[in-house]
Amino acid sequence: GQQVMQIPQYQHVQEGEDFTTYCNSSTTLSNIQWYKQRPGGHPVFLIQLVKSGEVKKQKRLTFQFGEAKKNSSLHITATQTTDVGTYFCAGLTSGTYKYIFGTGTRLKVLA
Amino acid sequence: KAGVTQTPRYLIKTRGQQVTLSCSPISGHRSVSWYQQTPGQGLQFLFEYFSETQRNKGNFPGRFSGRQFSNSRSEMNVSTLELGDSALYLCASSLVAGEETQYFGPGTRLLVL
C-alpha cells in the first residue's frame, strides 16, 4: 500500500543547533503538506508544496519538495525551545482525496 | 472565524459499547476528514466527507462509520468497541476536498476499558 516514511523518528538537539526531518513516499505525490503538533495538542498546518523542486521558507524553516515529487524535507535553522513538538508530513496521492501522513519526527530542544 | 470543534473532548467506554463523536467544521468548509492517532500507528486516515458524500475511505473495519449533514457537521460512529480503539480521534476541515489546507480540531480522546 501507499506509505510515507519519515526519518528520524526522534531528534534531540541543543538550542541553537539545526534540525532536519525527511519524508519519503513510495508513490508520486500531488502535493505535500507539513504540520506541527505540540505535546498534548493537535496538528497545525505549516505549509503546502505543490511543484516539483519547490522550496519555501518561513523565517527559520525551509521546506523542499523533491524533483520526483516523492520526497520532501523540513529544515529548521538555529532551533529554539518553542520548536519542540512532532513534525508530520502528509502527502496527497494522485487521483485521491486522502492525505497519507508520515510517521512523524519528534523534536526535543535542550536549553 | 471559529475553529474546528469536536465533542466530546474525552470519553471512557467499555468493550462492546458503541460511541458517536461529533465534529463541526470551520464555517464555509465543506470537507471533513477523520483521523485516528495512536502512539504506535501515528495518524491514520479514516474517511473523508464532502457535501454529505463519503469521498474516500481508509483501511478500517466496518465498525467505523461516519456521515455528514447538510450543514457540513460530521459524526463518526464506532460500534462494538475494542481495547485497540483507544486513541485520539481528530477531524480536519477544509474548503473543498483534497489539495487544500486542513484545519484540525482539538480531538476526542477515547479510552476503551
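What you see is a predicted model; the values in this text were computed from it and never measured. Every chain is numbered from 1 and lettered A, B, ... according to where its sequence line falls, protein lines coming before strand lines. Hydrogens, waters and symmetry mates are skipped; everything else that's a heavy atom, side chains included, is used.
- Other residues, nucleotides and ligands contribute more than 12 heavy atoms inside 6.0 Å of the CZ atom of A:Phe45.
- For the atom pair CG (A:Leu29) and OH (A:Tyr99), the distance works out to 10.0 Å, reported to the nearest 0.5 Å.
- No side-chain donor from either of B:His29 and B:Ser94 sits under 3.5 Å from a side-chain acceptor of the other.
- Looking at B:Gln37, the atoms closer than 4.5 Å to chain A (heavy atoms on both sides) all sit in the side chain, from C-beta outward.
- Chain A is approached within less than 4.5 Å, heavy atom to heavy atom, by B:Leu88, B:Leu90 from residues 78-92 of chain B, ordered by number.
- The part of B:Tyr35 that comes within reach of chain A is its side chain, from C-beta onward, which places non-hydrogen atoms under 4.5 angstrom from that chain.
- Taken from CE in B:Met76 to SG in B:Cys23, the straight-line distance is 11.0 Å, to the nearest 0.5 Å.
- The candidate with the highest count of non-hydrogen atom pairs below 4.5 Å against chain A, out of B:Gly105, B:Gly58, B:Gly107, is B:Gly105.
- Defined by atom type and a distance below 3.5 Å, a donor-acceptor pair is present between the side-chain atoms of B:Glu48 and B:Ser31.
- Within the structure, the salt bridge (Lys or Arg N to Asp or Glu O under 4.0 Å) test picks out the following pairs touching residues 60-70 of chain A (sequence neighbours left out): A:Arg60-A:Asp83.
- Ring pair A:Phe101/A:Tyr35: centre-to-centre distance below 6.0 Å.
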